[in-house]
Amino acid sequence: MKPVIAPSLLSANFSNFSFAVDSIKRAHAEWAHFDVMDGSFVPNITFGHKVVSDLRSESDLVFDVHLMVEKPERIAPHFIDAGADNITFHAEAAVHAHHLLSVIRCSGRKAGLSIVPTTSVATIEEALPFADIILVMTVDPGFSGQTMIPECLEKVKKLVKIREERGLSFQISIDGGVHAANARICLDAGADILVTGSAFFDAEDKSALVNQLKGRI
Ligand code: DX5
Ligand code: ZN
């Protein structure tokens, strides 16, 4: 049911990802978001595909992988093999975005393209028909717990308009600084998916937070 809530493991306790994935399930959020960082595209390092493959056998949640890496074409196939359902990479890091989107789609997974706060929608207009998800970063990628840059929501509105005008069907994801108090403006802008890191893992009542993010309470 719209919006999809995608808690990010970046804000979980890295010593116990099994527990973190289980907490996402118990809170009735639909997707588990995996932030993969290489210490080059962003100044932080997280984990590789083995984390995804080891958790795959434990969970039927949708595994939503967000690659914040240089040369994503080198590691995307490993995440396909690991059982990721969605694989999103950065337009800023991929010269041949069409090719990589096609590789991911041909594997039967959803192919996503992401843009950082200062990358315009115009930059990816030609790629839109080949993508299943457009992930609009609302903070500079690299770390959880940052404050949302609200200007980025204008890009969500633009994407909604283009999608309608061109009869496209990609989903729009927002990632960075999403919490209960700003979920409404994200939904009003047209977001289909809300990624949430610190707000989710800091919440004592995670089910209540999911309901708040969905605009139910
Ligand atoms: C940031 C990551 C986000 C992050 C969101 O680079 O892509 O997914 O985990 O965390 P919050 O919701 O705390 O901003
Ligand atoms: Zn992310």
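Counting starts at 1 for both ligands and their atoms, following the listed order. Any value given below was found using the heavy atoms of this structure, including those in side chains, with hydrogens, waters and symmetry copies removed.
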Should you measure from each heavy atom of [X], which atoms of ligand 1 turn up under 4.0 Å away?
X      : value
Asp35  : 2 (C), 3 (C), 4 (C), 7 (O), 8 (O), 9 (O)
His66  : 7 (O)
His33  : 8 (O)
Val195 : 8 (O)
Thr196 : 12 (O)
Met68  : 6 (O), 7 (O)

Decide whether Ser8 and Asp35 meet the rule of one side-chain donor and one side-chain acceptor closer than 3.5 Å.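 Yes, side-chain donor-acceptor contact under 3.5 Å.
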
Going by atom types only, do His66 and Asp64 share a side-chain donor-acceptor pair under 3.5 Å?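 Judged by distance alone, the side chains do not pair up.
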
Identity and separation of the nearest protein heavy atom to [atom]:
atom                    : result
atom 1 (C) of ligand 1  : Phe143 O, 3.8 Å
atom 5 (C) of ligand 1  : Asp175 OD1, 3.5 Å
atom 13 (O) of ligand 1 : Ser198 OG, 2.6 Å
atom 12 (O) of ligand 1 : Gly197 N, 2.8 Å
atom 14 (O) of ligand 1 : Gly177 N, 2.8 Å
atom 6 (O) of ligand 1  : Gly142 N, 2.8 Å
atom 10 (O) of ligand 1 : Ser144 CB, 3.3 Å

Is [Y] paired with [X] through a side-chain N to carboxylate O contact shorter than 4.0 Å?
X     : Y     : result
Asp85 : Arg56 : yes
Glu58 : Lys25 : no
Arg74 : Asp38 : no

What residue among Ile193, Ile24, Ile5 forms side-chain contact (heavy atoms from CB on, under 4.5 Å) with Glu30?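 Exactly one candidate clears the test, Ile5.
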
Over all atoms of both residues, closest heavy-atom pair of Ala20 and Phe201: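 Reported closest heavy-atom pair: CB-CE2, 3.8 Å.
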
Between Gln146 and Asp140, which heavy-atom pair has the shortest distance, and what is it?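 Heavy atoms only, the tightest pair is NE2-O, 2.8 Å.
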
Are the side chains of Arg166 and Pro129 in contact, using a 4.5 Å heavy-atom criterion?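 Answer yes - side chains close enough.
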
Do Leu159 and Leu128 have side chains that approach each other closer than 4.5 Å (heavy atoms only, starting at C-beta)?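 The answer is yes, as the side chains (C-beta and beyond) meet within the 4.5 Å cut-off.
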
Proximal heteroatom of Asp35 relative to the Zn ion (ligand 2) (N/O/S):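 So the atom name we want here is OD1.
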
Could you grab the angle centred on the Zn ion (ligand 2), going from OD2 in Asp175 to ND1 in His66, to 10°?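 About 90° at the Zn ion (ligand 2).
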
Please assess Phe34 against Leu55 for the test side chain to side chain contact (heavy atoms under 4.5 Å, CB included), listing each intermediate value before the final yes or no. CA-CA 11 Å; Phe34 291 76; Leu55 290 166; 3.8 Å; yes

With a 4.0 Å cut-off on heavy atoms, is His179 touching ligand 1?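 In this structure, His179 fails to qualify as a contact of ligand 1 - no heavy atom is under 4.0 Å.
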
Could you tell me if any non-hydrogen atom of Met37 lies under 4.0 Å from any atom of ligand 1?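 Distance cut 4.0 Å: Met37 passes for ligand 1.
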
Option whose closest heavy atom lies nearest to atom 9 (O) of ligand 1, chosen from Gly145, Gly176, Ser8, Pro141: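 Nearest heavy atom to atom 9 (O) of ligand 1 lies in Ser8.
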
